[in-house]
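See structure below.
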Amino acid sequence: MSTKRAATGFKGLALAPVTQNDLLGYIFGKGEALPFAGSMSRTSKESVTDLYYDDDLYAQLKSVMGEDVEIRVAEVPLSRMAELGMGTFNAETETLEADFNISGKEFALRFVVDTISGLPYYFNYRVFEMTGIRFDNFATRKDSISVCEVIITGVLKRPQKAGLAPWAVMQLKEDKSNQEACTAFLTAEENK
């Protein structure tokens, strides 16, 4: 019997700050959970160069530089934003002093994708370079229902360490014997 793998949604979003990403190694810290994930969209960043000889198209050189990513979550606690390096949180005044133009900050992006079969996939994208964070969906009508979404944008990239794959994935077994390992996969530190 084949397992149905159609995706039904995603959850369990976590970001882990990357502390080393160079030719010598790749290290990131513990994953920080971002609850209330709403949606994630990805668009490939590509460039195409056409080569012409004798006025005929000779070749098209295609380069994929990464994927633009937009993640929408219903809310992110201000203290969690500070833990992720997006600003300084003052617990006494409940204030986040932040600069949301945080281009270049790298994280490992992890999340769970549910399937029809109930056997979710656990993804680990090793380099998510954050390009910005903003708030969206403000409403002025008091009777309207609106969520002040937090929108996180960035680019999925390859790690600089040669031979290290840009992402890893696990799937829950039918007997759920690897449930503990799958759960740990979302928040565990990684050192390559």
Side-chain angles (χ1 to χ4, degrees), residues 1-21 25-46 62 64-77 79-81 83-85 105-131 133 136-137 145 147 149-192:
M1 180 175 130
S2 66
T3 303
K4 294 190 175 88
R5 299 185 178 196
T8 59
F10 88 110
K11 62 183 180 181
L13 186 67
L15 291 174
V18 174
T19 55
Q20 181 181 355
N21 180 21
Y26 170 81
I27 301 172
F28 65 75
K30 186 175 183 294
E32 294 288 346
L34 290 180
F36 311 115
S39 64
M40 178 171 63
S41 61
R42 301 181 319 193
T43 306
S44 293
K45 292 180 71 171
E46 299 178 356
K62 184 174 171 183
V64 179
M65 299 162 284
E67 290 180 286
D68 279 325
V69 176
E70 181 179 279
I71 301 165
R72 291 176 176 259
V73 292
E75 62 182 80
V76 178
S79 58
R80 181 57 46 90
M81 286 186 179
E83 289 163 6
L84 291 169
K105 196 163 190 55
E106 291 182 339
F107 296 90
L109 172 64
R110 295 169 169 193
F111 55 90
V112 182
V113 175
D114 277 331
T115 63
I116 287 175
S117 65
L119 302 174
Y121 287 102
Y122 294 75
F123 284 92
N124 173 13
Y125 283 89
R126 290 196 164 103
V127 180
F128 172 66
E129 183 180 307
M130 197 174 289
T131 56
I133 185 166
D136 196 15
N137 288 347
I145 297 173
V147 174
E149 289 182 311
V150 178
I151 300 174
I152 301 168
T153 56
V155 181
L156 295 177
K157 295 185 166 183
R158 297 187 71 85
Q160 293 182 29
K161 181 173 171 54
L164 182 59
W167 56 276
V169 63
M170 289 180 76
Q171 186 177 26
L172 186 65
K173 293 180 180 177
E174 286 192 40
D175 64 0
K176 297 185 170 48
S177 60
N178 65 339
Q179 178 68 68
E180 195 172 302
C182 287
T183 303
F185 186 72
L186 289 178
T187 56
E189 299 176 18
E190 189 170 47
N191 185 338
K192 298 284 185 180

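In this chain, residues are counted from 1 in sequence order. The analysis underlying the following values was restricted to heavy atoms, covering all of them including side chains, and did not include hydrogens, waters or symmetry mates. Computed from a predicted structure; not experimentally measured.
Applying the salt bridge (charged side-chain N to carboxylate O under 4.0 Å, His left out) test to pairs two or more places apart or on separate chains, those with a residue in residues 114-127 are K11-D114, R126-E190.
Atoms CE and CG, on M170 and L186 in that order, are 9.5 Å from each other to the nearest 0.5 Å. The distance from the CG atom of L172 to the OH atom of Y121 is 11.0 Å, given to the nearest 0.5 Å. Here the straight-line distance linking atom CE of M81 with atom CG of L34 works out to 8.5 Å at 0.5 Å rounding. Here CD1 of I151 is found 3.5 Å from CZ of R72. Values are rounded to the nearest 0.5 Å. The OG1 atom of T19 lies 10.5 Å from the CD atom of E106; values are rounded to the nearest 0.5 Å. Here the OG1-CD distance, from T43 to E67, works out to 8.0 Å after rounding to the nearest 0.5 Å.
Residues forming a side-chain hydrogen bond (donor to acceptor under 3.5 Å, both in side chains) with T153 (at least two apart in sequence, or on another chain): T131. Applying the salt bridge (charged side-chain N to carboxylate O under 4.0 Å, His left out) rule to E189 yields no partners; only residues at least two apart in sequence or on another chain are considered. F128 meets the ring pair (Phe, Tyr, Trp, His ring centres under 6.0 Å) test with no other residue; sequence neighbours excluded. Y122 is linked by a ring pair (Phe, Tyr, Trp, His ring centres under 6.0 Å) to nothing, counting only residues two or more places apart in sequence or in another chain. Q20 meets the side-chain hydrogen bond (donor to acceptor under 3.5 Å, both in side chains) test with D22; sequence neighbours excluded.
A side-chain donor-acceptor contact under 3.5 Å links N21 to the backbone of Q160. A donor-acceptor pair is defined here as one N or O able to donate and one able to accept, closer than 3.5 Å; such a pair exists between the side chain of Q171 and the backbone of L119. Using a distance-only test at 3.5 Å, with no hydrogens or angles considered, no donor-acceptor pair links the side chain of R80 to the main chain of E32.
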Which is it for F107 and M130 under the side chain to side chain contact (heavy atoms under 4.5 Å, CB included) test, yes or no, and what are the steps along the way?
CA-CA 7 Å; F107 296 90; M130 197 174 289; 3.4 Å; yes
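Taking the six-membered ring where tryptophan is involved, the planes of F111 and F123 are essentially parallel, since the angle between them stays under 30° and well short of 60°.
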